[in-house]
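Heads up, the thing below is written out as structure tokens.
Numbered from 1 within each chain, the chains take letters A, B, ... in sequence-line order. Heavy-atom basis, side chains included; hydrogens, waters and symmetry copies ignored.
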Amino acid sequence: MPVPVDLPVGYYRDNFLALLDFVREQYADILTAEETAYADRFIDLTLDAQRLYVRLVSRRGPLFRSDKLHYAEILDLPSAARELLAGNFVDHGKDEDDSVILALLTKADLVALIGDKTTAIGTLPRSDLLDRVNTAAVDIRPQLHFEIYRPLMMEYLRLYRLLFFGNLSQDLTQFVLTDLGLLNYEKYVISADARLFKLREVVDKTLLLHELNESSHAAVEQNDREALLEIVALLPDSEQETTLIRRKNRILNRIGRQLERQQDYPNALLVYAQSSAPPARERSARILRKLALLPQSYALCQSIQGDPADEAELEFATRFMPGLQKKIGLEVSEGLSPVLLDDNNSLLVSLPHDEAVRVEESVRTYYDNHASRCYYVENHLFLGLFGLAFWDIIFMSVKGAFFNRYQSSPTDLYTPAFQSARQTAITDRLAEMKNSDRWLDVLHETYAEKLGVANRFVHWQVLSEEILQLSLQRIPASHLAHVFERLLWDLRNNRSGFPDLVLFPDCGSYQLLEVKGPGDRLQDNQKRWIRAFERFGIPYRVVNVAWS
DNA sequence: ACGCAACTGCTAGAT
DNA sequence: GTGGGCACGG
DNA sequence: ATCTAGCAGTTGCCGTGCCCAC
Ligand SMILES: [Mn+2]
Ligand SMILES: [Mn+2]
């Protein structure tokens, strides 16, 4: 798949320009004058200056030393730097602390800076040298034999990146990896007016939530209660925007959990109350029980039962309520029915223990013998088959679903809109699977044609041709259709929990195997799929391993 | 895809 | 010397 | 003694070269 490609000289600047152009074209109406000027002023720079700026903003920084910058394609780097300094694209980072400056220095630089010729300090660890510089309290800057460059206006670039990619986790390397053939994206239709954001307000709130998300991580790590509560106060109203609400809920749940760890239960409850996503209600119910507020905890469980966010939340309530009922003195309801393991659906195998080999792999080798083929596929088998069988529907031209070249799925994938916007196509495909074999031919064609193309559900390195052929021969279409229906019913939650291995005996048929080593046990999502397999008549076994 | 999955190993509490 | 950690760049 | 639930901790193109610690 990866074919060596020579990228044109200065390719990174072309990519940067493509990003700027896209954003200026699509989003002119919601950019401020300064934000538009950022792109305009960049384009007015000389070629060398443009290249140097893009080189710098693509790197970690935030400070760079002039003597370490060497780029063959930048002919006159010093004058490019002067141009960037004059245009305020770069400064000298004068307001940076000495500690940040010192981080730029190598040990040899530090030794030279200390200039102590009487003792051999070259062998001291770096931290000791830093201590000596700090205690000496000298003015470091005048002694540096290089200039410091700090790229500026990164917040504009951040905005442009968000508008281009729709997220902040992708960056300019996407372009390179695609050009090199390391990443290969589907050629879906991007409509001319494609844009993720309609309102500037939503863009700003997205950026804000991003920052608060980062600071919430920091505050959790530092166990800083005041900071956590401050973040909660800064969270923006998110009204109808489901992605904003989701991000906000995630922050709230993270903060609530940390407040729990600090045993600040009143605040944890207040924070969870603002979150509309699991596990906020579950955590609240647990806190309330811990505080002996049993009726309140019970009422929360009832509200979960009345309107569960997903199966997991409902299962929690079902499992949690009997204990409360007993303590309160209510009639005790039926708990969660356990997944019963017996000789029909589980077995014990004794295997030699090898630290270096995962237990799933040991079991796979055990079954992959003269009488059967066995593969370690976990979620990838059924998700992959789903991604292939529904390829055209996943990448169907739906308004607003695709807005740049670098998506492995439509934007609405995990929202109810995914189903509703493609309802007839989905229903037809599921019906076709029950009535004819045409979908099978198409699936094989899709596999051959799309091999290596990014699709959220298809992990090409796992789903080999061999596994695909066997799966489609052995797994009845009705089984696949049942699995796909349950997947579609809640894509976000049901995409995990599939068994570790798939077994294809040479005599025919197939069986799913969930491996459990000593001390491991079925997880809730694995149990949900196992219950579904029972309903669908899909053959599975739990393989318990004992070390021999 | 703005952390997730999946897994492991530990502790506390229930039986 | 050399091995680990990690930033860089195609 | 044996069990279960809960919780915390771990890893994600890949080759090359720099820097540091040993
Ligand atoms: Mn597994
Ligand atoms: Mn397993």
Side-chain angles (χ1 to χ4, degrees), chain A residues 1-2 4-9 11-12 15 54-56 58-61 64 68-73 103-110 122-129 158 161-162 165-184 196 206-207 209-214 216-217 243-244 246-248 250-251 253-254 257 260-261 279 282-283 286 290 316 319-320 323 336 338 358-360 376 378-380 383 404 406-411 413-414 454 456 459 461 492-493 495-500 514-526:
Chain A
M1 298 184 280
V5 179
D6 276 336
L7 296 174
V9 174
Y11 66 92
Y12 52 91
N15 297 337
V54 179
R55 283 292 193 191
L56 295 185
S58 311
R59 291 177 52 174
R60 174 170 269 261
F64 299 93
K68 299 258 173 175
L69 297 174
H70 305 289
Y71 295 108
E73 77 282 4
L104 291 173
L105 303 183
T106 65
K107 265 183 72 175
D109 295 326
L110 289 171
T123 53
L124 292 175
R126 189 186 164 85
S127 53
D128 289 7
L129 295 177
R158 192 176 156 88
R161 263 175 51 210
L162 175 64
F165 289 113
N167 62 61
L168 289 171
S169 57
Q170 288 175 296
D171 56 29
L172 289 169
T173 60
Q174 289 296 311
F175 291 87
V176 189
L177 295 178
T178 312
D179 292 343
L180 290 173
L182 291 167
L183 295 177
N184 200 354
L196 184 62
T206 303
L207 288 166
L209 282 173
H210 240 281
E211 273 159 35
L212 294 175
N213 186 44
E214 279 162 22
S216 75
H217 273 117
T243 37
L244 290 183
R246 223 186 61 239
R247 286 170 191 178
K248 184 174 163 180
R250 237 205 295 267
I251 297 173
N253 290 347
R254 180 180 308 120
R257 197 69 193 78
E260 274 190 74
R261 294 192 186 98
E282 170 179 343
R283 296 312 314 174
R286 290 187 190 279
K290 197 174 283 186
F316 158 75
R319 193 166 43 205
F320 200 67
L336 189 63
R358 298 189 60 126
V359 62
E360 293 87 356
Y376 183 15
E378 235 152 35
N379 301 323
H380 302 312
L383 292 189
N404 73 47
Y406 305 100
Q407 294 177 241
S408 57
S409 65
T411 45
L413 183 66
Y414 291 133
R456 179 66 58 79
H459 289 78
Q461 64 276 42
R492 188 188 284 280
N493 289 303
R495 76 199 140 132
S496 66
F498 287 95
D500 297 310
E514 172 54 40
V515 176
K516 287 299 166 199
D520 190 13
R521 28 174 233 289
L522 288 174
Q523 293 163 226
D524 286 347
N525 57 355
Q526 295 176 329

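Nucleic acid contact class of A:Thr106 (heavy atoms, under 4.0 Å, all strands): sugar-phosphate only. A:Phe320 comes within 4.0 angstrom of no nucleic acid atom, judged by non-hydrogen atoms across all strands. Base contact: A:Leu177 has a heavy atom under 4.0 Å from a base atom. Using a 4.0 Å heavy-atom distance criterion, A:Glu378 is classed as a sugar-phosphate-only contact. Among the protein residues, A:Arg161 comes within range of no part of the nucleic acid, since none of its heavy atoms lies under 4.0 Å from any strand. Nucleic acid contact for A:Gly497: sugar-phosphate only, since backbone atoms but no base atoms lie under 4.0 Å from a heavy atom of the residue.
In the set C:dC8, B:dA1, B:dC7, the nucleotide with an atom closest to the side chain of A:Glu360 is B:dC7. The nucleotide whose nearest atom lies closest to any side-chain atom of A:Arg283 is, among C:dC8, B:dA1, D:dC7, D:dC7. Of the candidate nucleotides C:dC8, D:dC20, B:dA1, B:dA1 has the atom lying nearest to any side-chain atom of A:Gln407. Looking at the side chain of A:Arg261, the nearest of the listed nucleotides B:dC7, D:dA8, C:dA7 is D:dA8. Picking from B:dC7, D:dA21, C:dG9 the nucleotide with the shortest atom distance to the side chain of A:Arg59 gives C:dG9. Comparing B:dA5, D:dC20, B:dC7 by their nearest atom to the side chain of A:Arg126 picks out D:dC20.
When each of A:Arg246 and A:Arg521 is assigned the nucleotide of DNA chain B bearing its nearest heavy atom, the one mapping closer to the 5' terminus is A:Arg246. For the pair A:Val359 and A:Arg247, nearest-nucleotide mapping onto DNA chain B gives the more 5' position to A:Arg247.
Following rounding to the nearest Å, A:Asp524 (CG) and B:dC4 (P) show an atom-to-atom distance of 17 Å. Protein atom NZ of A:Lys516 is 10 Å distant from nucleotide atom C1' of B:dT8, rounded to whole Å. Note: NZ (A:Lys107) to C1' (D:dA21) measures 7 Å, nearest angstrom. Between the CD atom of A:Gln461 and the P atom of D:dC14 there is a distance of 10 Å, rounded to whole Å. Rounded to whole angstrom, the span from the CG atom of A:Leu168 across to the P atom of B:dA1 amounts to 14 Å. Note: CZ (A:Arg319) to P (D:dT4) measures 13 Å, nearest angstrom. Going from atom NE2 of A:His380 over to atom P of B:dC4 covers 18 Å, rounded to whole Å. One can place CG of A:Leu105 at 13 Å from C1' of D:dC19, the figure rounded to the nearest angstrom.
Between the P atoms of D:dT11 and C:dG4, the separation comes to 15 Å (whole Å). Spacing between D:dT10 and C:dG5 at atom P, rounded to whole Å, works out to 13 Å.
A centroid separation of less than 6.0 Å is found between the aromatic rings of A:Tyr406 and A:Phe175.
Remark: A:Arg250 is not in phosphate contact with B:dA1, judged by side-chain N or O atoms under 4.0 Å from OP1 or OP2. Taking side-chain N and O atoms only, A:Arg495 has a distance below 4.0 Å to OP1 or OP2 of B:dA5. OP1 or OP2 of B:dA5 has not a single side-chain nitrogen or oxygen of A:Gln523 nearer than 4.0 Å. Taking only side-chain nitrogens and oxygens, A:Tyr71 comes nearer than 4.0 Å to OP1 or OP2 of C:dG9. In this model, the phosphate group of C:dC8 is not approached by any side-chain N or O of A:Lys68 to a distance below 4.0 Å at OP1 or OP2. Listed pair A:Arg257 / D:dC7 meets the phosphate criterion, a side-chain N or O lying under 4.0 Å from OP1 or OP2.
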| request: Walk me through it: do A:Leu383 and A:Phe498 pass the test side-chain contact (heavy atoms from CB on, under 4.5 Å)? | output: CA-CA 9 Å; A:Leu383 292 189; A:Phe498 287 95; 4.3 Å; yes

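For the pair A:Arg456 and A:Tyr414, the NZ or CZ position fails the cation-pi test of under 6.0 Å to the six-membered ring centre and within 45 degrees of the ring normal.
Environment of CZ in A:Arg60: sparse, with no more than 12 heavy atoms of neighbouring residues, nucleotides or ligands closer than 6.0 Å.
For the pair A:Arg126 and A:Lys107, the tightest heavy-atom approach, listed with the atom from each and the gap, is NH1-N, 4.0 Å.
Judged by distance alone, with hydrogens and angles left aside, the side-chain atoms of A:Asp179 form no donor-acceptor pair with the main-chain N or O of A:Val176 at under 3.5 Å. Proximity of a side-chain donor or acceptor of A:Arg161 to a complementary backbone N or O of A:Leu168 within less than 3.5 Å is detected.
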